[in-house]
Amino acid sequence: MFEFGVIPEFVLGVILLIAGAWSLVHGGSRIAEAFGIPPILVGLTIIAWGTSAPELIVSLAASMAGSPDLMLGNIVGSNLVNIGLILTTAALLMRPPVESRLWKFDIPLLLLATFMFSIFCYTGKEIKAWEGALMMLVFAGYTYRIISNAFEKSETHDRLKGYPYWHDVLYIVAGGIGLFFGGEFVVESSIK
């Protein structure tokens, strides 16, 4: 794509990934707030997608570049950091409330997805297409349930009238562009 040194390309990629994720989350969260979507659902959808977007983009770029080891390492490492570092740091700094719906649906689904992924990795030398399709089906069902719950509980605020959506849409578009180039730079510098 572009010719940089390995370190500057990697650093630029990381900066673009961070800025892109921030921009995506900022724009999406503001639009969700304008629709009156409850904060827990914003966290489970928009913020979760926005903060996972860098890992998704890097994994896709690694897959397209023919580097499945980089892709798998990114996925496993990202989840270890999310649970082992981010969750524990948040728990040390404050006591985040845990809603009962997390125990009833979200945490069991997290454990199921982790179990499925572990079994698929353990039983073969590669994750097969049907296994990926099954995990995607579980993810699509989860996303559908979360989004439908969000719209059931949303209350359209009066500020929607005349709300300048285009500002937040620009944040989302800029975030997507930053994520795309950031992912490309990180993967290119990692496989050089």
Side-chain angles (χ1 to χ4, degrees), residues 1-32 42-87 89-90 110 113-114 116-118 120-121 124-144 146-147 164-192:
M1 183 183 270
F2 299 102
E3 288 300 322
F4 294 115
V6 173
I7 302 291
E9 184 175 19
F10 181 80
V11 170
L12 177 60
V14 169
I15 290 169
L16 286 172
L17 286 172
I18 292 169
W22 178 87
S23 183
L24 193 69
V25 168
H26 180 73
S29 296
R30 285 176 45 94
I31 289 174
V42 172
L44 289 168
T45 53
I46 295 163
I47 294 175
W49 266 86
T51 56
S52 295
E55 290 92 3
L56 174 64
I57 297 299
V58 168
S59 294
L60 289 174
S63 178
M64 301 295 279
S67 185
D69 292 342
L70 181 61
M71 177 188 67
L72 199 57
N74 178 45
I75 293 166
V76 173
S78 167
N79 285 301
L80 287 171
V81 167
N82 281 333
I83 294 171
L85 176 65
I86 296 171
L87 182 61
T89 302
L110 169 69
T114 303
M116 285 172 56
F117 179 72
S118 301
F120 295 156
C121 287
K125 293 186 178 184
E126 60 186 26
I127 297 175
K128 297 171 183 60
W130 72 267
E131 295 168 334
L134 182 60
M135 288 188 285
M136 186 60 85
L137 188 63
V138 170
F139 173 72
Y142 173 75
T143 302
Y144 173 77
I146 294 295
I147 291 173
Y165 288 103
W166 66 272
H167 288 123
D168 297 323
V169 170
L170 282 178
Y171 273 111
I172 292 168
V173 170
I177 292 169
L179 287 168
F180 173 79
F181 285 106
E184 289 289 324
F185 291 154
V186 166
V187 169
E188 282 182 18
S189 65
S190 297
I191 60 178
K192 281 184 181 177

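None of these values were measured; they are calculated from a predicted model. Note that the numbering runs from 1 along the sequence shown for the chain.
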Derivation and outcome, side chain to side chain contact (heavy atoms under 4.5 Å, CB included), residues Phe117 and Ile127: CA-CA 9 Å; Phe117 179 72; Ile127 297 175; 3.7 Å; yes
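- In this structure, Met71 and Ser63 approach most closely via the heavy-atom pair SD-CB, 3.9 Å.
- Gly182 approaches Leu16 most closely through the heavy-atom pair CA-CB, 3.6 Å.
- In Met116, the CE atom is crowded: over 12 heavy atoms of neighbouring residues, nucleotides or ligands sit closer than 6.0 Å.
- In this structure, CD on Glu184 lies 10.0 Å from CG on Leu60, to the nearest 0.5 angstrom.
- The aromatic rings of Phe185 and Phe181 sit tilted relative to each other, their planes meeting at an angle between 30° and 60°.
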From CA spacing to verdict: side chain to side chain contact (heavy atoms under 4.5 Å, CB included), Val186, Phe10: CA-CA 5 Å; Val186 166; Phe10 181 80; 3.9 Å; yes
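- Note that CD1 of Ile172 and CD1 of Ile177 are 12.5 Å apart. Values are rounded to the nearest 0.5 Å.
- Contact of the Ile86 side chain with the Val81 side chain is registered, since non-hydrogen atoms from C-beta on lie closer than 4.5 Å.
- Atom CG of Asn79 sits about 9.5 Å away from atom CG of Asn74, to the nearest 0.5 Å.
- Here the straight-line distance linking atom CD of Glu131 with atom SG of Cys121 works out to 8.5 Å at 0.5 Å rounding.
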Residues Leu179, Leu17; criterion side chain to side chain contact (heavy atoms under 4.5 Å, CB included); working and verdict: CA-CA 5 Å; Leu179 287 168; Leu17 286 172; 3.9 Å; yes
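- Heavy-atom minimum distance, Phe180 versus Ile57: CA-CG2, 4.1 Å.
- Contact record, Val58 with Gly183: CG2-CA, 4.0 Å, taken as the closest heavy-atom pair.
- Summarising the geometry, atom NE2 belonging to His26 is positioned 10.0 Å from atom NE2 belonging to His167; distances are rounded to the nearest 0.5 Å.
- Looking at Ser23, its side chain never comes within 3.5 Å of a backbone N or O of Ala19 through a donor-acceptor pair.
- In this structure, OG in Ser78 is found 8.5 Å from CD1 in Ile75, a value given to the nearest 0.5 Å.
- Closest heavy-atom contact between Ser67 and Ile191: OG-CG2, 3.7 Å.
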Trace of the side chain to side chain contact (heavy atoms under 4.5 Å, CB included) decision for Phe120 with Leu134: CA-CA 11 Å; Phe120 295 156; Leu134 182 60; 4.0 Å; yes
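- Pairing each heavy atom of Ala61 with each of Val187, the nearest pair is CB-CG2, 3.6 Å.
- Under a 3.5 Å cut-off, the side chain of Thr114 and the backbone N or O of Leu110 do form a donor-acceptor pair.
- Around the CG atom of Leu85, the shell of radius 6.0 Å holds more than 12 heavy atoms that belong to other residues, nucleotides or ligands.
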